[in-house]
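These numbers come from a predicted model, not from an experiment. Here is the naming used below: chain letters follow the sequence lines, and residue numbers restart at 1 for every chain. Values below: every heavy atom of this structure, side chains too, minus hydrogens, waters and symmetry copies.
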Amino acid sequence: MEFKAYDPKQIEPKWQKIWADTHAFEALDDHTMPKFFGLIEFPYPSGNGLHVGHPRSNTAMDIIARKRRMQGYNVLFPIGWDAFGLPTENYAIKNNVHPAIVTKKNVDHFREQLQKIGFSFDYSREVDTTDPDYYKWTQWIFLKLFEHGMVFRDKTLVNYCPSCKVVLSNEDSQGGKCDICHGDVVQLPKDVWYLRITKYADKLLEGLKSVEYPENIAQQQVNWIGKSTGAFVNFAVKGTDEKLEIYTTRPDTLFGVTFMVMAPEHPMIDKYAERIGNMDAIRAYREECAKKTEFERTQLVKEKTGLRIEGLSGINPLTGKEVPIFISDYVMMGYGTGAIMAVPAHDQRDWEFAKKFGIDIIQVIKGGDIEKEAYTGDGEMINSDFLNGYTNKKDSIERVLEEIEAKGYGRAGVQYKMKDWAFNRQRYWGEPIPLIHCPHCGVVAVPYEELPLRLPDVDDFQPGTDGKSPLAHIESYVNCTCPKCGAAAQRETDTMPQWAGSSWYFLRYCDPHNTEAFASKEALDYWMPVDWYNGGMEHVTRHLLYSRFWHQFLYDIGEVSCPEPYMKRTAQGLILGTDGEKMSKSRGNVVNPDDIIDDIGADAFRLYEMFMGAFDQAIPWSTNGAKGCRKFLDRVWRLQEMLVDSDSYSEKLMATMHETIKKVSLDYEAMKFNTAIAAMMTLVNEMYAIGSVTKAELKTLIQLLNPVAPHITEEMWELNGFGSGMMRSEWPQWDEAAMVKSEIEIAVQVCGKVRGHITIPADMTKEQAEKELAAHEGVQRYLAGKNVVKTIYVPGRLVNFIAK
RNA sequence: GCGGAUAUGGUGGAAUGGCAGACACCGGGGACUUAAAAUCCCCUGCCCACAAGGCGUGCGGGUUCGAGUCCCGCUAUCCGCACCA
């Protein structure tokens, strides 16, 4: 039989069409089957299209999904579009096209690119966050949050990006840089809608114990939530009825307090402005602080600044001693109570401040040299009244809390670094926030039956210079009647942040066309939770926390029946440019998958994406490496020229076949795709060495390879008449017994150094090995004139003679 | 500063405490060819003319019959957080 050369350009479109025409990858309605819900982060359809980094995650999950189908699972492997967002809106403004049109164009381009790679997505369940039928339910969930007191409005300093003209969450403005345009962020006072994610801080921490996340991902979430345990303590303010509340994690050092510090924004300063002697200087200092960028405040200025607040001093509740109060920007208004008790002997920041301002330093824990730096270690308590003599931090904290609580000076408490989620943006291209401001009733929810609250059509998407959303300028949108009292009212004109639509999309996949609910209870009960979610490390602290928060909330109000949305989370490493740098348009190192596929085919592209290195590590792209993978597929194809008509594995390959099945099966599960592929390459090399391959061997090989290279294997399956429906053919089984070899080669070591190799019966015992191998002439040479004092025999691996 | 990761040939990378460098890329040689491409075969960590041997997994110690792997102490790079009281 003559075989044509391997031609992916012919094979790949052929199978992609067959899969689409036969709806091959649509999830089945049969809810009695075991299910598998595999999820990848739905893409933001940017105008740039895909680069070779994007498909890495998809390919990995596609391999798992395809393997699961062959293992008899009902697989849900969906795709959708996270399509709201600034880049689209900015493009729309610049080119004067409606963002919906831009979005549609980009989505079509993305879909086409993905289809060319041959992912087994269920395209019948596509979701699009900008579709009113979708964002109807985003708004619905928001209203549920509102109804349950999880939404509140506050006037605070917010992170504002002057370039994007938009308020950013803390998460979106890390390091004082805008996450979208990377410009400097400034702090502005503004009315902001918040979601009370902090109420779920403990649940978010607790939930991590019931899911399978890798250590580094779980740890990042733990750090982000930033729970600390400590105490709130009230210091009386001398000459007033006021208590100044502070938060500390070290109440055991209360006897070492020599001063207190308030954040520049602390409200008590204004309240007592009249009794503060140096209010002018304080005002000047506050202005100075406000002018500093976040960058200066956190990165550069480690030198402590501040000044004494004259006329205000605190009273240490335990000692009754008076301590001065300072203002300084090393204390943040946004954490704890915005004021601290300073213990310079045992906190380095307080120590630096005390040195600079000549404040007393009282040591209360023995150890270190507090002349040189603060001592933060453990030790015996001194100068601390009833705490003296305690040597264990835990015990002394317990003891002092007892005292504080008994006397009403304060209480034990916890703090989180995580802040509530700033939830509004002054932009057009987002979900309208379904709230109405009524002069009589206050903030009123848009009635559920009026959802979706559609984005009005406008011509001008430009945000106003007044910091308001473009929607604020559309009177027909803004003006409405209050659903409660019927009075003339105004709509909220801000929209939701991009994270909203992605916080629940996996739920919609379960039942994407439902018009009565975001998904039916039955569909949710069957499909949820997501069994395996793969995505990028960059979404670990934001998207992953936000979506867990929404899901936990929906669980608490009885809308979903599992407390955690994702059972297992994994993350891929970045694919870097050939220069080892992150791929970006500006660096000019972007590799386009279309070009690669055109050159070597989608299967070789997929194969290389998975073969290039450890899945969770960042790796530079190498087009030569990719070509090597094409070479491997050519070799697999040409195996057809050495085919022997036999329904069993040949004796020579028996053990290798079973070993390969085992290795590939287990490595896929562990996302060790590179070694799985290496094992298949080894197998193919052996087939070439033997010079022939049986039908059974070929069948197994292409089944193992199918999840990675689906087109070529489907074609070979058909050519060789292996039957219909390769994608649901039974995944190969391995047999441990078949791997056992009668003879094996082991290493012979003398004093731990390898001195040769010997082939022995595989079942040789230690006693036999000691006797027979020591007598072997190759071994004798190294043992000459020495006594063997000990023999270590590791069956199947080595024998080690310890000789003197 | 805190948290996490990484460090192995010219390159990407393999290796339940048990033969370091699997599998590839690059490079070299050979076969086939009028020639080239493709393909097939061989070589390819370093030192050494060869053999024998020695040296080799960022650095310094340790545990062990045996360490890339475990322990202690460093260094470098990357990622995340960061004056979090």
Colleague: So how far is it from A/Ile600 CD1 to A/Thr623 OG1, rounded to the nearest 0.5 Å?
Modeller: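 A/Ile600 atom CD1 to A/Thr623 atom OG1 measures 8.0 Å (nearest 0.5 Å).
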Colleague: Could you state the atom-to-atom distance from CZ of A/Phe326 to P of B/rC83 in whole Å?
Modeller: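 Value for this atom pair: 22 Å.
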Colleague: Of the non-hydrogen atoms in A/Tyr793 and A/Ile760, which two are nearest, and what is the gap between them?
Modeller: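 A/Tyr793 and A/Ile760 have their closest heavy atoms at OH-CD1, 3.5 Å.
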Colleague: How close do A/Val257 and A/Val323 get, counting heavy atoms only, and between which atoms?
Modeller: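 Result for this residue pair: O-CG1, 3.8 Å.
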Colleague: Any protein N or O atoms within reach of nucleotides 51-57 of chain B? Criterion: under 3.5 Å, listing atom names and distances.
Modeller:
residue: B/rG53; atom: OP1; partner: A/Tyr782; partner atom: OH; Å: 2.5

Colleague: Under 4.0 Å, heavy atoms only, any strand: does A/Gln348 hit a base, just the sugar-phosphate, or nothing?
Modeller: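 Nothing: the residue A/Gln348, judged by heavy atoms under 4.0 Å, touches no strand.
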Colleague: Could you run down nucleotides 5-13 of chain B 5' to 3' and tag each one B, S or - for protein heavy-atom contact under 4.0 Å?
Modeller: -S-----BS
Colleague: If you compare every side-chain N and O of A/Tyr330 against the phosphate oxygens of B/rA85 (OP1, OP2), does one of them come in below 4.0 Å?
Modeller: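 It does not, given that no N or O in the side chain of A/Tyr330 lies less than 4.0 Å from OP1 or OP2 of B/rA85.
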Colleague: Round to the nearest Å and state the distance from A/Met537 atom CE to B/rC78 atom P.
Modeller: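 Those two atoms, CE and P, are 17 Å apart.
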Colleague: Would A/Thr258 and A/Asp360 count as having a side-chain donor-acceptor pair, cut-off 3.5 Å?
Modeller: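 Result is no, nothing qualifies.
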Colleague: Verify the contact: side-chain N or O of A/Arg638 to OP1 or OP2 of B/rC40, cut-off strictly under 4.0 Å; return yes or no.
Modeller: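 Indeed, a polar side-chain atom of A/Arg638 lies that close.
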Colleague: Which part of the nucleic acid, if any, lies within contact of A/Glu538, taking any heavy atom under 4.0 Å across all strands shown: a base, the sugar-phosphate backbone alone, or nothing?
Modeller: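 Contact class for A/Glu538: none.
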Colleague: Give me the atom names and distance for the closest heavy-atom approach of A/Cys629 to A/Tyr608.
Modeller: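 Of all heavy-atom pairs spanning A/Cys629 and A/Tyr608, the closest is SG-CA, 3.5 Å.
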Colleague: For the pair A/Phe353 and A/Tyr330, name the ring-plane relationship: parallel under 30°, tilted 30 to 60°, perpendicular over 60°.
Modeller: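 Ring orientation, 0 to 90° scale: tilted.
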Colleague: From B/rC19, B/rC23, B/rC83, pick the nucleotide closest to the side chain of A/Asp329?
Modeller: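 My answer, after comparing the listed nucleotides, is B/rC83.
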Colleague: Do A/Lys227 side-chain atoms and A/Val222 backbone N/O form a donor-acceptor pair below 3.5 Å?
Modeller: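 No; judged by distance alone, with no hydrogens or angles, the pair does not exist.
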Colleague: Have a look at A/Thr791 and say if it touches a base, only the backbone sugar-phosphate, or nothing, with a 4.0 Å heavy-atom cut-off.
Modeller: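 No contact.
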Colleague: For the CD1 atom of A/Ile690 and the CG atom of A/Asn685, what is their distance to the nearest 0.5 Å?
Modeller: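 Taking CD1 in A/Ile690 and CG in A/Asn685, the distance rounds to 11.5 Å.
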Colleague: By the 4.0 Å heavy-atom rule, please label A/Asn685 as base, sugar-phosphate, or nothing.
Modeller: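 Since only primed, P, OP1 and OP2 atoms lie under 4.0 Å of A/Asn685, the category is sugar-phosphate.
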Colleague: Just how far, in rounded Å, is P of B/rC41 from CD of A/Glu686?
Modeller: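 Rounding to the nearest Å, CD of A/Glu686 and P of B/rC41 are 13 Å apart.
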Colleague: Side chain of A/Ile340 only, please: which of B/rC23, B/rA85, B/rG18 is the nearest?
Modeller: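 When the side chain of A/Ile340 is considered, B/rA85 is the closest of B/rC23, B/rA85, B/rG18.
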Colleague: Answer with yes or no whether the side chains of A/Gln219 and A/Asn223 bring together a donor and an acceptor at under 3.5 Å.
Modeller: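 Looking only at side-chain atoms, A/Gln219 and A/Asn223 do form a donor-acceptor pair, the distance falling under 3.5 Å.
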Colleague: Would you say the side-chain atoms of A/Glu41 and A/His543 include a donor-acceptor pair closer than 3.5 Å?
Modeller: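 Absent: no donor and acceptor within the cut-off.
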Colleague: The side chain of A/Thr675 lies closest to which of these nucleotides: B/rC23, B/rG4, B/rA14?
Modeller: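 Of the options given, the side chain of A/Thr675 lies nearest B/rA14.
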Colleague: Does RNA chain B take part in any stems of at least 3 consecutive Watson-Crick or G-U pairs (both distances under 3.5 Å), and if so, which ones?
Modeller: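 RNA chain B stems, ordered by first number: B:1-7 with B:75-81, B:10-12 with B:23-25, B:27-31 with B:39-43, B:45-47 with B:53-55, B:58-62 with B:70-74.
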Colleague: Protein-nucleotides 68-74 of chain B N/O pairs closer than 3.5 Å?
Modeller:
none

Colleague: Contact list please: residues 622-631 of chain A against RNA chain B, heavy atoms, distance less than 4.0 Å, in numerical order.
Modeller: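 Residues of residues 622-631 of chain A that come under 4.0 Å of RNA chain B are, in numerical order, A/Asn624, A/Gly628, A/Lys631.
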Colleague: From CZ of A/Arg635 over to C1' of B/rA24, roughly how many Å is that when rounded to an integer?
Modeller: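 It is 12 Å, rounded to the nearest whole Å.
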Colleague: Applying a 4.0 Å non-hydrogen cut-off, can you work out what A/Lys672 is touching in the nucleic acid: base, sugar-phosphate, or nothing?
Modeller: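 The residue A/Lys672 makes sugar-phosphate contact but no base contact.
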Colleague: Just say parallel, tilted or perpendicular for the rings of A/Tyr668 and A/Phe673, cut-offs at 30° and 60°.
Modeller: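 The rings of A/Tyr668 and A/Phe673 sit tilted, inter-plane angle from 30° to 60°.
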Colleague: Keeping to residues at least two apart or across chains, list the salt bridge (Lys or Arg N to Asp or Glu O under 4.0 Å) pairs with something in residues 246-260 of chain A.
Modeller: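 Passing the test, one end in residues 246-260 of chain A: A/Arg250-A/Asp252.
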Colleague: Nearest whole angstrom, please: distance from the P of B/rC23 to the OH of A/Tyr688.
Modeller: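 Rounded to whole Å, this separation is 16 Å.
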Colleague: Round to a whole Å and report the spacing from CD of A/Glu641 to P of B/rA38.
Modeller: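 Those two atoms, CD and P, are 17 Å apart.
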Colleague: Using a 4.0 Å heavy-atom cut-off, does A/Val754 contact any base of the nucleic acid, only the sugar-phosphate backbone, or nothing at all?
Modeller: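 Sugar-phosphate: the residue A/Val754, judged by heavy atoms under 4.0 Å, touches backbone atoms but no base.
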Colleague: Hey, which of these two, A/Ala339 or A/Arg797, hits RNA chain B nearer its 5' end, going by closest nucleotide?
Modeller: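 That would be A/Arg797.
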Colleague: Out of B/rC83, B/rG3, B/rA85, which has the shortest distance to the side chain of A/Thr248?
Modeller: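 Comparing B/rC83, B/rG3, B/rA85 against the side chain of A/Thr248, the answer is B/rA85.
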Colleague: Parallel, tilted or perpendicular for A/Tyr546 and A/Trp421, by the 30°/60° rule?
Modeller: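 The rings of A/Tyr546 and A/Trp421 lie parallel, inter-plane angle below 30°.
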Colleague: Measuring only between side-chain heavy atoms, which start at C-beta, is A/Met657 closer than 4.5 Å to A/Thr660?
Modeller: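 A side-chain contact is absent here, since even the closest heavy-atom pair is not under 4.5 Å.
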Colleague: Mapping A/Ala689 and A/Ile792 to their closest nucleotides on RNA chain B, which lands nearer the 5' end?
Modeller: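 The 5'-side residue here is A/Ala689.
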